[in-house]
Number of protein chains: 4
Amino acid sequence: MTSPVQVGPLLRQMIDEGRVSDPATPRGRLLATAARLFREKGYNRTTMRELAAEVGILSGSIFHHFESKDEILFGVMHEVVLAMDDALATALAEATTTRDKILAIIHTELAFIHGKTGDATAVLIYEWRALSEKRQRQVLKVRKNYFKLWEEVFAQAHAEGLTLVEPEYLSQLLHGAMAWTTYWFKQGGKLSQDELANRVLALAIKE
Amino acid sequence: MTSPVQVGPLLRQMIDEGRVSDPATPRGRLLATAARLFREKGYNRTTMRELAAEVGILSGSIFHHFESKDEILFGVMHEVVLAMDDALATALAEATTTRDKILAIIHTELAFIHGKTGDATAVLIYEWRALSEKRQRQVLKVRKNYFKLWEEVFAQAHAEGLTLVEPEYLSQLLHGAMAWTTYWFKQGGKLSQDELANRVLALAIKE
Amino acid sequence: MTSPVQVGPLLRQMIDEGRVSDPATPRGRLLATAARLFREKGYNRTTMRELAAEVGILSGSIFHHFESKDEILFGVMHEVVLAMDDALATALAEATTTRDKILAIIHTELAFIHGKTGDATAVLIYEWRALSEKRQRQVLKVRKNYFKLWEEVFAQAHAEGLTLVEPEYLSQLLHGAMAWTTYWFKQGGKLSQDELANRVLALAIKE
Amino acid sequence: MTSPVQVGPLLRQMIDEGRVSDPATPRGRLLATAARLFREKGYNRTTMRELAAEVGILSGSIFHHFESKDEILFGVMHEVVLAMDDALATALAEATTTRDKILAIIHTELAFIHGKTGDATAVLIYEWRALSEKRQRQVLKVRKNYFKLWEEVFAQAHAEGLTLVEPEYLSQLLHGAMAWTTYWFKQGGKLSQDELANRVLALAIKE
DNA sequence: TATGAATGAGTCTTCATTCAT
DNA sequence: TATGAATGAAGACTCATTCAT
């Protein structure tokens with residue numbers, strides 16, 4: 001019964017502005033449940049009936065809130081993408097050194113992958129091709145913003161000699177490395193999320 | 001009309017031993033085509049009819065070669081996994097220094113992702129959950145061998161002070177970083193596959 | 001915002017007597033809009049939501065005015081059928097010669113098909129089978145009256161040697177010929193409605 | 001179990017040429033049954049399950065022969081339209097006087113409406129709007145041919161002073177008059193089909 | 001071994017209707 | 001009277017799989 005995205009003060013504000021669905025509304029509950037199911041079973045293997053059952057309504061009722069299954073997938077992805085962009089912008093604004101900015105990127109990414117928004121983030125990454133092309137384009141617009149923030153930081157780091165790999169490649173490599181942690185990193189294991197962040201940082205910068 | 005895996009002398013031998021399907025047989029052609037379609041459209045969105053049509057037979061005929069769609073997916077994954085394991089073992093045997101062994105790992109992985117076996121490798125990585133659990137376990141057996149090779153090399157590297165991150169984490173992080181290259185690295189772009197390998201190496205090793 | 005039937009002094013009286021809905025009431029507006037939509041898109045392809053939306057209310061609210069979609073269709077048909085019957089009786093009363101009476105029939109029919117009540121008339125003709133059998137019977141009662149007026153006139157004409165075809169067949173043939181004009185005759189084209197009436201008359205009467 | 005269109009020597013040839021479905025094939029049986037059901041209950045109120053049941057297969061099997069319900073409707077309409085065009089061309093070729101040509105038109109039309117192809121013809125006329133616009137255009141191409149034959153004959157008749165009403169209007173009026181006979185004329189009643197044809201002729205020509 | 005029609009359970013989606021507020 | 005979320009039965013369509021030929 002949680003939102004597909006983590007509800008912090010930032011998200012609170014986004015919800016109030018109507019950019020993200022309130023988890024207390026049917027729409028919000030539907031999106032959160034969809035995120036979980038899509039992650040657990042995959043988009044195609046999740047049926048509208050299952051989704052409805054988990055939310056406690058009948059399958060036909062879903063269509064009061066979304067016009068198609070595709071729109072639900074879009075909802076899950078779009079909201080998490082908006083939230084990530086927002087969260088990263090805020091985190092970067094608070095960081096001063098370039099090293100801290102890189103850490104901010106890593107922490108934000110890992111927070112979304114392994115925090116309350118983990119389901120939506122995993123869906124964003126691994127069910128991308130299930131989304132209709134038309135809606136992929138819409139999500140991509142926001143997504144590009146997000147990665148521009150990465151590349152700016154890595155460009156600065158490269159200029160400072162802090163990193164060896166070119167900004168665009170480093171972005172992609174680190175993004176892949178962190179995306180894959182969904183499959184092996186578990187919160188509460190012997191490696192903490194902060195420690196994981198440090199390992200990723202160790203890949204990015206030379207000491 | 002190619003095999004799902006690249007046919008070198010090693011594979012030739014595997015084929016002759018019956019461990020991998022000959023691309024000249026219906027079974028081999030079916031697997032190669034399935035790999036491509038599963039990659040392009042996703043497992044669920046590929047129908048048996050399409051697969052049959054591309055191979056030039058009728059849908060009913062597929063079932064003379066495979067007992068189910070799941071078995072085809074298994075075939076694609078199992079063969080590529082066997083081939084990777086084989087290829088890596090050979091490459092490591094030829095490398096002398098630990099640094100070279102790391103490069104061997106990276107080159108082998110990238111060769112499978114971006115070479116002729118790219119389709120099968122992408123399917124292995126991104127359609128994993130579409131495979132029935134029972135068969136996932138079978139593939140996993142071989143897969144574990146493969147990553148044991150990685151970890152042994154990274155353990156040695158760590159002991160030599162060549163790498164900073166613990167072997168098990170480094171394996172996973174690099175694996176993720178390289179898996180993701182499917183989405184952004186294109187053969188014949190301004191970055192060559194060898195140059196890409198060097199960038200990955202630069203993440204792993206602090207010179 | 002018009003009634004499904006044309007509001008002349010006759011209809012005014014019918015409205016005042018409660019036999020036809022006032023277009024100023026929600027019921028009247030609903031019927032007029034339904035007539036238009038049923039004609040444009042067909043009964044089955046018109047949804048209650050669309051109908052409600054066009055009238056400016058919500059779908060649930062319709063059911064305060066009509067107990068079912070079928071009742072709406074009935075309303076549309078019943079009112080137009082009453083109005084036609086009424087209009088024809090009046091027109092015939094004013095005609096003196098048999099020829100004029102035939103013209104009165106033709107003009108009345110064409111007026112309903114191509115005038116403000118055109119939507120309702122088209123629905124009456126072309127969505128007949130969408131109406132429940134029970135309500136078909138109700139409409140049929142009035143409808144029979146209407147055609148009895150036709151047959152009486154054509155019987156007289158036949159007796160006078162004015163027409164060649166037997167009354168009952170001539171009624172049906174002319175009715176069909178005029179009903180079909182919905183599909184090809186457009187008000188304001190090179191043929192006026194009066195000229196069209198003369199063409200129909202020319203079929204019926206051998207000068 | 002009859003074809004949607006009457007199987008005479010002409011149709012036999014069309015079938016052999018593959019332009020019309022053989023009623024002995026599944027496709028042909030499906031079309032004939034669909035024509036009957038669409039006529040009896042209307043296109044929208046006929047379900048694929050019903051259609052399948054009447055043909056003796058399961059609903060899913062229909063989609064081996066047609067890709068959608070719309071394509072079935074198209075099939076029914078297209079084949080009857082082709083057959084009408086063919087039949088009329090032949091009949092006109094055999095008629096010598098203009099009067100006989102008009103009779104040929106009337107007989108052909110009535111034959112299609114009340115003969116074995118009556119179901120398909122009724123569907124063509126009364127379910128027109130249920131057909132997708134794209135496919136309407138395809139049917140229209142053939143349909144226009146058919147009515148061009150009418151207009152040519154009526155133009156000749158008009159020139160000869162045989163008819164009073166202009167060719168284009170006479171075509172439409174007679175077409176409407178005959179289309180409507182579906183609803184009131186029954187084979188084997190007190191009026192024979194030939195006698196009905198004479199009544200229609202009486203409308204068209206002045207003695 | 002290949003065919004291809006048929007299966008039948010399952011999918012997303014639609015929509016008239018209900019009803020608590 | 002109006003709302004609008006929810007209902008639930010029904011619709012068209014999909015597709016891996018079967019099997020007689």
Side-chain angles (χ1 to χ4, degrees), chain A residues 25-27 29-30 43-53 55-73, chain B residues 25-27 30 43-53 55-73 132, chain C residues 25-27 30 43-53 55-73 132, chain D residues 25-27 29-30 43-53 55-73:
Chain A
T25 65
R27 186 190 157 88
R29 239 172 305 140
L30 235 13
Y43 175 78
N44 281 289
R45 285 174 294 280
T46 302
T47 71
M48 295 298 260
R49 248 190 266 287
E50 279 172 313
L51 173 54
V55 172
I57 58 178
L58 287 186
S59 74
S61 307
I62 295 182
F63 293 86
H64 264 270
H65 306 286
F66 297 93
E67 68 176 18
S68 67
K69 196 181 176 185
D70 188 63
E71 205 201 62
I72 297 179
L73 182 56
Chain B
T25 65
R27 185 189 159 89
L30 235 12
Y43 175 78
N44 279 286
R45 283 175 295 279
T46 302
T47 70
M48 294 297 259
R49 249 198 254 301
E50 280 171 310
L51 174 54
V55 172
I57 59 177
L58 287 182
S59 73
S61 308
I62 295 184
F63 292 87
H64 288 284
H65 305 285
F66 295 93
E67 68 175 16
S68 68
K69 196 181 178 186
D70 189 62
E71 206 202 56
I72 296 178
L73 181 57
S132 66
Chain C
T25 65
R27 185 189 157 89
L30 236 12
Y43 175 79
N44 280 286
R45 285 175 293 279
T46 302
T47 71
M48 295 296 259
R49 250 198 253 301
E50 279 172 311
L51 174 54
V55 173
I57 60 177
L58 286 183
S59 74
S61 309
I62 295 183
F63 293 86
H64 289 282
H65 305 285
F66 295 93
E67 67 175 17
S68 68
K69 196 182 176 186
D70 188 62
E71 206 202 53
I72 296 179
L73 182 57
S132 65
Chain D
T25 64
R27 186 189 159 90
R29 240 171 304 141
L30 235 11
Y43 175 77
N44 281 288
R45 285 174 293 281
T46 302
T47 70
M48 295 297 260
R49 248 188 268 286
E50 279 172 313
L51 173 54
V55 173
I57 58 176
L58 288 186
S59 74
S61 307
I62 295 182
F63 294 88
H64 263 271
H65 307 284
F66 297 94
E67 68 177 18
S68 67
K69 196 181 175 184
D70 188 63
E71 206 201 62
I72 296 179
L73 182 56

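Note that the structure is predicted; figures quoted are calculated from it, not measured. Worth knowing before you read on, the calculation uses all heavy atoms, side chains too, and leaves out hydrogens, waters and symmetry mates. The chains referred to below are lettered A, B, ... by the order of the sequence lines, with proteins before strands, and numbering in each begins at 1.
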Problem set entry | Sidechain-backbone polar pair: C:D70 side chain, C:S132 backbone, donor-acceptor under 3.5 Å |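 Indeed, once roles are kept as given, a pair shorter than 3.5 Å links the two residues.
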For this session: Under 4.0 Å between any heavy atoms, over every strand shown, what does D:L58 touch: base, sugar-phosphate, or nothing? Just pick one.
Result: base
Let me check something: any side-chain donor-acceptor pairs from residues 58-66 of chain D under 3.5 Å, sequence neighbours excluded? List them with distances.
| residue | atom | partner | partner atom | Å |
| --- | --- | --- | --- | --- |
| D:S61 | OG | D:L58 | O | 3.4 |

Exercise. Of A:Y43 and C:Y43, whose nearest nucleotide on DNA chain E comes first from the 5' end?
Worked result: A:Y43
For this session: Please lay out, stage by stage, how A:K69 and A:L51 fare under the test side chain to side chain contact (heavy atoms under 4.5 Å, CB included).
Result: CA-CA 10 Å; A:K69 196 181 176 185; A:L51 173 54; over 6 Å; no
Problem set entry | Segment of DNA chain F, first to last nucleotide, that comes within the 4.0 Å heavy-atom reach of chain C |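 From 5' to 3', the first and last contacting nucleotides are F:dA2 to F:dG4.
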Problem set entry | Those residues that, when tested against C:E71, pass salt bridge (charged side-chain N to carboxylate O under 4.0 Å, His left out) (two or more places apart) |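 Applying salt bridge (charged side-chain N to carboxylate O under 4.0 Å, His left out) to C:E71 gives none.
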Exercise. To the nearest 0.5 Å, what is the distance between OG1 (B:T25) and CG (B:L30)?
Worked result: 9.0 Å
Exercise. Near DNA chain E, under 4.0 Å by heavy atom, which residues of residues 45-53 of chain C?
Worked result: C:T46, C:T47, C:M48
Exercise. Looking at DNA chain F, which of residues 60-70 of chain D put a heavy atom within less than 4.0 Å of it?
Worked result: D:G60, D:F63, D:S68, D:K69
Problem set entry | Among C:M48, C:R49, C:E50, side chain to side chain contact (heavy atoms under 4.5 Å, CB included) partner for C:T46 |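 With C:T46 as partner, side chain to side chain contact (heavy atoms under 4.5 Å, CB included) holds for just one option, C:E50.
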Exercise. Would you write out the dot-bracket form of DNA chain E, 5' to 3', with Watson-Crick and G-U pairs under 3.5 Å, [ ] for crossing pairs, | for pairs to other strands and . for unpaired bases?
Worked result: .||||||||||||||||||||
